[in-house]
Amino acid sequence: MFTELSPFPRLPSLYLSAAGTLLLALPPRLAAQAYDPPAAYYSTASGTGPSLKASLHAVIDRHIMIRYTSSSSLDVWDALRILDADPANPANVLLLYSGVSRDNTHQEGSTSAPNTWNREHVWPLSLGPDTTGTTAGTDLHHLFACDTTVNANRGNLPFDALAPGGTPDPEAPESRRSAGVAWEPRDADKGRLARALFYMDVRYEPNDDTGNVPDLVLAAFTSSSQMARLSTLLAWNRRFPIADTERLRNQRIYSTYQQNRNPFVDHPYYADMVFAGTTARGAWRNQKFTTAQLATPAVIDDTADPDADGLPN
């Protein structure tokens, strides 16, 4: 017996089982897509907070590690040419932070072209993954094609909102930085970056991977193995929904490369359930309503119908 909670605005339907397990029913146009997770993939995921985090870690742990450097076999360069390919021109990659489409042969170190691309670690190596010889340093879920100069400009800055303030990057003007403070990516990247970082926090616990990878933790501030800012990332996950391209990328990493998935791409509500310790119902409310609306019982009450579609929350 399931209770359907009407979305606001209308998005994928959310269902709660009698035990409080979160089930997400995708719209008909996506339901049959090949990049949906296997039916039982998250069957062991339960609870909220640390218990849900631990059960999700068990699901996605011990993935196949891809080589970072060029070799006769598959490596990260090869994977990114597929994962970040421009749908309008598969011979190009779409670059993180700028959205620029660039010839995929113009990788750093292999061309004399003036503009090259390389591999951006969304979770900086210096904040835990350590080197490109570790499991975390080669994990495709947080590696993206990026302009070489833009990658260097971002450095190991945490992600946060810079309003007002921040300097537009010369080659990625929709992304901004404040030296020594933070990097704010363009809106088109905010949601997927947040979900990539949620994955890294859950995936990496100490002493269970290749290399010296510590417990990676999302927090308010950065440190030796902490990445920031958690509150901003949660807000971005709620505000910027998952695109089909993000879901397809997740599926390809699972089916072609690492054989593990990003749970926060498959079920974005997990973010509030893990990192805010809320229930599935609370996560749904956080996802669907603004801060002002959350403070208004007439909007979020179970019997309210804020989008006037004839179906109560």
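Each residue takes its place number in the sequence, starting with 1.
- Separating the CG atom in L52 from the OH atom in Y42 is a distance of 11.0 Å, to the nearest 0.5 Å.
- Here the closest non-hydrogen pair linking E171 and V150 is CB-CG2, 3.8 Å.
- Expressed to the nearest 0.5 Å, how far CZ of R177 lies from CG of D169 amounts to 8.0 Å.
- In terms of modelled atom types and a separation under 3.5 Å, the side chain of D305 and the main chain of P312 share no donor-acceptor contact.
- Side-chain contact between W183 and S175 is present, with heavy atoms from C-beta onward closer than 4.5 Å.
- A side-chain N or O of R203 and one of H63 form a donor-acceptor pair less than 3.5 Å apart.
- The residues R195 and E246 are annotated as salt-bridged, a charged nitrogen and a carboxylate oxygen being separated by less than 4.0 angstrom.
- Between atom CZ of residue F159 and atom CH2 of residue W236 there is a gap of 7.0 Å, rounded to the nearest 0.5 Å.
- Distance check: D84 CG to N92 CG gives 12.0 Å after rounding to the nearest 0.5 Å.
- Counting only N and O atoms by type, the side chains of N151 and N118 include a donor and acceptor under 3.5 Å apart.
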Take L218 and L197, measure what side-chain contact (heavy atoms from CB on, under 4.5 Å) needs, and give me the verdict at the end.
CA-CA 8 Å; L218 288 172; L197 292 173; 4.0 Å; yes
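- Salt-bridge formation is not detected for the pair R102/D86: no Lys NZ or Arg NE/NH1/NH2 atom is positioned less than 4.0 Å from an Asp or Glu carboxylate oxygen.
- The pair D209-R62 fails the salt-bridge criterion, with no side-chain N (NZ, NE, NH1 or NH2) lying under 4.0 Å from an Asp/Glu carboxylate O.
- Between L140 and Q258, the closest heavy-atom pair is N-OE1, 2.6 Å.
- Put simply, the side chain of R154 gets close to the backbone of V122: a donor and an acceptor are under 3.5 Å apart.
- When hydrophobic clusters are built by joining Ile, Leu, Val, Met, Phe, Trp and Tyr residues whose side-chain heavy atoms come closer than 4.5 Å, directly or via intermediates, L157 is grouped together with F144.
- Distance CG/L94 to CG/D189: 10.0 Å, rounded to 0.5 Å.
- Remark: side-chain polar atoms of W123 are paired, donor with acceptor, to backbone N or O of L127 under 3.5 angstrom.
- Residues M65 and I60 fall into different hydrophobic clusters, defined by Ile, Leu, Val, Met, Phe, Trp and Tyr side chains chained together at heavy-atom separations under 4.5 Å.
- The heavy-atom pair separating P87 from P90 by the smallest distance is O-CD, 4.3 Å.
- Although no hydrogens or angles enter the test, the distance criterion places no donor-acceptor pair under 3.5 Å between the side chain of E174 and the main chain of S98.
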Apply the test side-chain contact (heavy atoms from CB on, under 4.5 Å) to residues L56 and V274: give CA-CA distance (whole Å), side-chain angles for both, the deciding distance (0.1 Å), then the verdict.
CA-CA 9 Å; L56 288 174; V274 170; 4.0 Å; yes
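- Two residues are said to be in side-chain contact when any heavy atoms from C-beta on lie closer than 4.5 Å; R192 and V265 fail this criterion.
- Contact check for D130 versus V213: no side-chain heavy atoms found under the 4.5 Å cut-off.
- With hydrogens and angles ignored, the 3.5 Å screen pairs a side-chain donor or acceptor of W117 with a backbone N or O of N104.
- The residues R247 and D266 are annotated as not salt-bridged, no charged nitrogen and carboxylate oxygen being separated by less than 4.0 angstrom.
- Applying the side chain to side chain donor-acceptor pair (under 3.5 Å) test to pairs two or more places apart or on separate chains, those with a residue in residues 216-229 are D160-R229.
- The aromatic ring centroids of H121 and Y68 lie less than 6.0 Å from each other.
- Of all heavy-atom pairs spanning T210 and G133, the tightest one is CG2-O, 3.8 Å.
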From CA spacing to verdict: salt bridge (charged side-chain N to carboxylate O under 4.0 Å, His left out), R119, E108:
CA-CA 9 Å; R119 299 152 294 184; E108 183 182 27; 5.7 Å; no
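- Using a 4.5 Å heavy-atom threshold, the side chains of D244 and Y35 count as touching.
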Under the side-chain contact (heavy atoms from CB on, under 4.5 Å) criterion, do T44 and V59 qualify, and how do the steps go?
CA-CA 8 Å; T44 58; V59 172; 3.5 Å; yes
Mind running side chain to side chain donor-acceptor pair (under 3.5 Å) on Y97 and E120 for me, showing each step along the way?
CA-CA 10 Å; Y97 305 136; E120 160 72 325; 2.4 Å; yes
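- In terms of modelled atom types and a separation under 3.5 Å, the side chain of T134 and the main chain of G137 share a donor-acceptor contact.
- When all heavy atoms of A45 and S55 are compared, the pair lying nearest together is CA-OG, 3.5 Å.
- Residues L74 and I82 share a single hydrophobic cluster, defined by chaining ILVMFWY side chains whose heavy atoms lie under 4.5 Å apart.
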Show, in sequence, the C-alpha distance, side-chain angles and deciding distance for N156 and S126, and conclude whether the side chain to side chain donor-acceptor pair (under 3.5 Å) test is met.
CA-CA 7 Å; N156 67 352; S126 61; 3.1 Å; yes
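- Side-chain contact between R261 and I253 is absent, with no heavy atoms from C-beta onward closer than 4.5 Å.
- Residues L216 and M227 have side chains not in contact (no heavy-atom distance under 4.5 Å, counting atoms from C-beta outward).
- D201 contributes atom CG, which lies 7.0 Å from atom CG of D215 (distance to the nearest 0.5 angstrom).
- The main-chain N or O of A136 is found under 3.5 Å from a side-chain atom of H142 such that the two form a donor-acceptor pair.
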Take L80 and V93, measure what side-chain contact (heavy atoms from CB on, under 4.5 Å) needs, and give me the verdict at the end.
CA-CA 8 Å; L80 292 185; V93 286; 5.7 Å; no
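- Under a 3.5 Å cut-off, the side chain of T48 and the backbone N or O of M273 do not form any donor-acceptor pair.
- Aromatic ring orientation, Y204 versus Y199: perpendicular (interplanar angle above 60°, classes split at 30° and 60°).
- Contact of the I242 side chain with the P268 side chain is registered, since non-hydrogen atoms from C-beta on lie closer than 4.5 Å.
- Aromatic ring centroids of Y41 and Y254 lie under 6.0 Å apart.
- Of all non-hydrogen atoms in F198 and A271, the two that sit nearest each other are CE1-CB, 3.5 Å.
- Residues satisfying the side chain to side chain contact (heavy atoms under 4.5 Å, CB included) criterion with A304, sequence neighbours excluded, are D301, P306, N313.
- A 4.5 Å side-chain heavy-atom check between V76 and R67 finds every atom pair outside the cut-off.
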